[in-house]
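Remarks on the structure that follows.
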Amino acid sequence: MDNKSLLAIVLCILILIGYQSLISYLYPPPDPLQPQTQQPIVGSESATPSDQQAQLLAERRQTVIEQGEQTPDIPQPASTAPSAPVEQDIIVETDAYIAVFTSTGGRLKSFRLKQYPVTLRPDSPLLEIVTAGTYGELPFVLDVSGKEITISDAALPYVVEGVTAGEPLFVPAGDHGELVFRGSLANGASFTKTFTFSGEGYGIELTVAVTQLPFTASALSLSWLEGSRSEGKSTYYDVYGPVALIGRTFEYENAWDWEAGDAYGPGDIRWAGFTNSYFLAGMMPRDVETAQLFFRDEDGTLETRLSTPWSGQAVSYTLYLGPKDTTALNAVDPAFDRAIDFGWSHFIARPLVSLLRLLYGLTGNYGIAIIVLTVLVKLVFFPLSNKSFKSMSAMKKLQPQMERLREQYKDDKQKLNQEMMELYKRYQVNPLGGCIPMIVQLPVFIGLYQGLLYAIELRQAPFFGWIEDLSQPDRLGALAIPFVDPPGIPVLTLLMGGSMVIQQMMMPTTGDPIQQKMMLLMPVIFTVMFINFPAGLVLYWLINNVLSVAQQHWYTRTYG
């Protein structure tokens, strides 16, 4: 293998390792207006603040009710509000989820997904979408803003309509249910929130109305708030942070690397919310042409605030709280489907993931489906791979003559290059012939790589034996090994590294000792890079390597 072929291979490796950085250049975010911060959390298990936090929240609530969260220099009307209703929790249940709302603020207190347990254990709790903020902050807070004043319903004691006190609201499939929250602040502002639930899927319709304001308002905002996942660990493949679809641009902020906030708009903000690798909490304004989006982090509470221009009319939203599953997202609104972000390779990744689902329907096992899919992709590129092997074989035969030329013209690089090109021309050998087929296949490899990385179909999907979840790193036992988290022996990854060693041993050797050392390092680099990757992705790469070794062995025996 010559220098150019080696350079192309190393470049392919760097593309894989630096893939996330590449996407940030290919898909630049809209121009930010000003720094702000925010982030909510999806997929946690607790929504209950501590006693100290609850006390601080109660004090903040009282301030909101008495002052309306207005600036100190704005005069406040005297409080004539009646005594506040007793806070109550309202349970809404469908075939897909169990939601709990609190009458204080008309906010979402809990949202558990029935079809998605936290772990594979039989006694595992259901996955919780909501996590309370540092001081008990919860999603779906409503703010109304004027020139120098903002009021919020975060602590407003609502009266609830549409459900009998103490009884849950069950919405069967094919039916709809409704919760109405009505309340007034001490300054006379009247708030109404109407949630409409479908018995099927993960979509919720929300309509908000504010009347009798003591000032002229210009913007209305809806926020998703959650406590930051302080115990979380950032990994190469994890997704965790605020997210939005702005026009045709998918915008994502990594919460773990956040140091400052951002603001976007005014513009065509289709929806905004918070996401992790497999679940989405999204808010989509209806009949709004322009909006602003703010991400901020305050005392460990992450916020996505969607602000729309407002002149007193009711505003409607479509909410999505559920898995990043193509069918489920499209059933609520096709725009939510963009939450499944495969980057620039989406036009390759999406069909491959669809094919993976089809193969699962035939095999009943996603591990086997990955193996079959890898075989099919390998068959498609079989002719190109043979051309690559043919070119490498031809280059191998020319190695003795190339070494003589290097020795003869070691002090004249220009003459050496001329003689090399003449040698290639004489024997009709393309020095890049072994690399071009690989570059052609690279987009498909990346598309499949990206698809397997973020496909919710692999979440908690077992393969066999110790591999009980293809979306998690494979581990056998619990042996503590440096840089291996969680602990255990990464059997699939070690097998993958071993297959790359065999593959390198079968490749034509080069007389350049530096190139030889670099090629020997490739299995080590890939093994380290994949050691904490999901088992499904490692399985794909392992099978691809095994098939490449088999094809190279067959070609060598057949054509020499």
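For clarity, every value in this text was computed on a predicted model and none was experimentally measured. Because only heavy atoms are used, hydrogens play no part in the values below, and waters and symmetry mates are left out as well, while side chains stay in.
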(request) Applying side-chain contact (heavy atoms from CB on, under 4.5 Å) between Y202 and each of L329, L319, L113, L321, report the one that passes. (result) L113

(message) If you count heavy atoms of other groups shown closer than 6.0 angstrom to CZ of R248, is the number above 12?
(response) no

(request) Indicate yes or no: at least one non-hydrogen side-chain atom of W541 is less than 4.5 angstrom from one of F533. (result) no

(request) Taking the side chain as every heavy atom from C-beta outward, state whether Y116 and L126 have any pair of such atoms under 4.5 Å apart. (result) no

(message) Restricting to non-hydrogen atoms, name the atom on G241 and the atom on Y252 that form the minimum distance, rounded to 0.1 Å.
(response) N-CE1, 3.8 Å

(request) For ring pair (Phe, Tyr, Trp, His ring centres under 6.0 Å), just list the numbers for W554 and F382, CA-CA rounded to whole Å, side-chain angles, deciding distance to a tenth of an Å, and then say yes or no. (result) CA-CA 12 Å; W554 170 83; F382 186 84; 5.7 Å; yes

(message) I'd like to know if the side chain of N365 pairs up with that of T363 as donor and acceptor (distance under 3.5 Å, no hydrogens or angles considered).
(response) no

(message) If we count only N and O atoms by modelled type, under 3.5 Å, do the side chains of K324 and S277 hold a donor and an acceptor together?
(response) no

(request) Give a yes or no on whether a salt bridge exists between D325 and R459, defined as a side-chain N under 4.0 angstrom from a carboxylate O. (result) no

(message) Ring centres under 6.0 Å, that's the criterion: do Y449 and Y540 meet it?
(response) no

(message) Distance check, rounded to the nearest 0.5 Å: L280 atom CG versus I129 atom CD1?
(response) 8.5 Å

(request) Check step by step if ring pair (Phe, Tyr, Trp, His ring centres under 6.0 Å) holds for W466 and F464. (result) CA-CA 6 Å; W466 72 95; F464 78 93; 5.6 Å; yes

(request) Would you kindly say whether E457 and Y366 are connected by a side-chain donor-acceptor distance under 3.5 Å? (result) no

(message) Using a strict threshold of under 4.0 Å (side-chain N to carboxylate O), is an ion pair present between E407 and R404?
(response) no

(request) Please list, chain by chain and in numerical order, all residues satisfying side chain to side chain contact (heavy atoms under 4.5 Å, CB included) with R270, sequence neighbours excluded. (result) L245, D268, A335

